[in-house]
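Below is one structure, written out as structure tokens; comments come after it.
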Amino acid sequence: MAPEETEEGNGPKRALVVAAHPDDADFGAAGTAYLWSRQGWEFYYLVCTDGSKGSDDDSISKQQLIEMRRQEQRDAATVLGVREVLFLDHVDGELTPNRALLGDIVRVIREVRPQAVFTHDPETVIVNDVFVNHSDHRTTGLAAIDAVYPAARDRLNFPEQIAQGLTTHKVSQIYIWGSPQANFEVDISEVIDKKIEALLAHKSQFEADFVTGLLERWRSPEGRYVESYRRVLMGF
Ligand SMILES: [Zn+2]
């Protein structure tokens, strides 16, 4: 399905993918990022944590892991045509829904000025009775949504940013992956290889077998691949 037209004239359409860890944006939206970028959208990734807990390998230091995962996320973004990856560097596993995180995301929204924000589902704690939705994922989703409304929109929220020259911004669409209330699908069948290539860029996280196993899990009975979202068209 084609992305919606927005009311912001003929300039480039921008999307900001707000993710907790390096690799989450690719799980959630890599196919969409690649497809829509080909249609003229500009995609930006924002990674909220430093990824510093994502390894059992005690031969690498925390700082090495942080650097490695940053580079992996940049490599994945390059595969997809994502313009830039931004990092907030909050500590992995310790994200809390506080004013600092909210302000950080608001600042990026006011700088990037996206029409669409993609993020995690903040509402689900238990997924299909077999997974726990990581607390960093829930926190990121909640902060991203709160940043869209009302914080980025209103000049009296984080007025120091306005004083520094940023202006308020209205995001018109939110796309939430991992939601049991999905209402919007992007068919990524023709670009599933790009999503896999992006995931494989996260070498510290996955073996090739793991990612190819996902193909089995994600394939629909008709042989299609989709990225599903709960889409919110902001009425303000
Ligand atoms: Zn994650």
Side-chain angles (χ1 to χ4, degrees), residues 15-34 43-57 60 62-77 79-80 82 84-98 100-102 104-105 108 117-147 174-180 182 188 195-208 210-211 213-214 217-218 227-230:
L16 177 68
V17 183
V18 184
H21 309 110
D23 77 20
D24 289 330
D26 298 315
F27 271 111
T32 305
Y34 181 71
F43 268 72
Y44 293 80
Y45 277 6
L46 175 64
V47 181
C48 293
T49 75
D50 59 11
S52 59
K53 304 247 170 81
S55 178
D56 291 329
D57 182 351
I60 50 173
K62 191 168 87 175
Q63 198 52 44
Q64 284 174 318
L65 180 63
I66 291 170
E67 290 304 322
M68 194 184 301
R69 297 196 69 189
R70 274 174 174 259
Q71 190 55 48
E72 289 170 353
Q73 184 60 89
R74 290 196 190 97
D75 292 345
V79 167
L80 302 171
V82 170
E84 192 175 354
V85 187
L86 306 160
F87 299 92
L88 295 180
D89 283 332
H90 290 266
V91 177
D92 190 352
E94 301 180 17
L95 214 53
T96 51
N98 59 27
L101 176 64
L102 183 64
D104 285 346
I105 299 174
V108 173
V117 164
F118 290 72
T119 195
H120 299 269
D121 175 24
E123 296 185 84
T124 304
V125 179
I126 305 297
V127 183
N128 299 331
D129 294 336
V130 287
F131 292 113
V132 174
N133 188 18
H134 194 297
S135 69
D136 286 347
H137 295 183
R138 302 187 324 254
T139 300
T140 297
L142 192 61
I145 290 167
D146 290 348
I174 307 173
Y175 294 82
I176 300 163
W177 66 75
S179 171
I188 61 162
K195 178 162 181 153
I196 294 299
E197 190 180 341
L199 287 168
L200 286 173
H202 300 278
K203 296 188 183 76
S204 70
Q205 302 300 299
F206 318 116
E207 305 288 339
F210 171 73
V211 177
L214 290 174
R217 213 167 84 203
W218 290 340
E227 285 174 342
S228 301
Y229 305 100
R230 181 177 190 181

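Every number for a ligand or one of its atoms is a count from 1 in the order of the listing.
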In Å, rounded to the nearest 0.5 Å, how long is the span from [atom1] of [X] to [atom2] of [Y]?
{"X": "K195", "Y": "L80", "atom1": "NZ", "atom2": "CG", "result": "9.5 Å"}
{"X": "L65", "Y": "Q205", "atom1": "CG", "atom2": "CD", "result": "7.0 Å"}
{"X": "L46", "Y": "I105", "atom1": "CG", "atom2": "CD1", "result": "6.0 Å"}

Return the set of residues passing side chain to side chain contact (heavy atoms under 4.5 Å, CB included) with L200 (not counting sequence neighbours), or none when no residue passes.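 Once residues adjacent in sequence are excluded, the partners of L200 under the side chain to side chain contact (heavy atoms under 4.5 Å, CB included) criterion are I196, A208, V211.
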Would you call D50-R69 a salt bridge at under 4.0 Å N-O?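 Salt bridge flag = no for R69 with D50.
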So K62 and D92, salt bridge (Lys or Arg N to Asp or Glu O under 4.0 Å) or not? Walk me through it. CA-CA 11 Å; K62 191 168 87 175; D92 190 352; over 6 Å; no
Keeping waters out of it, list the protein N, O or S atoms under 2.8 Å from the Zn ion (ligand 1).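 Listed by chain and number, the nearby protein N, O or S atoms are H21 ND1, D24 OD1, D24 OD2, H137 NE2.
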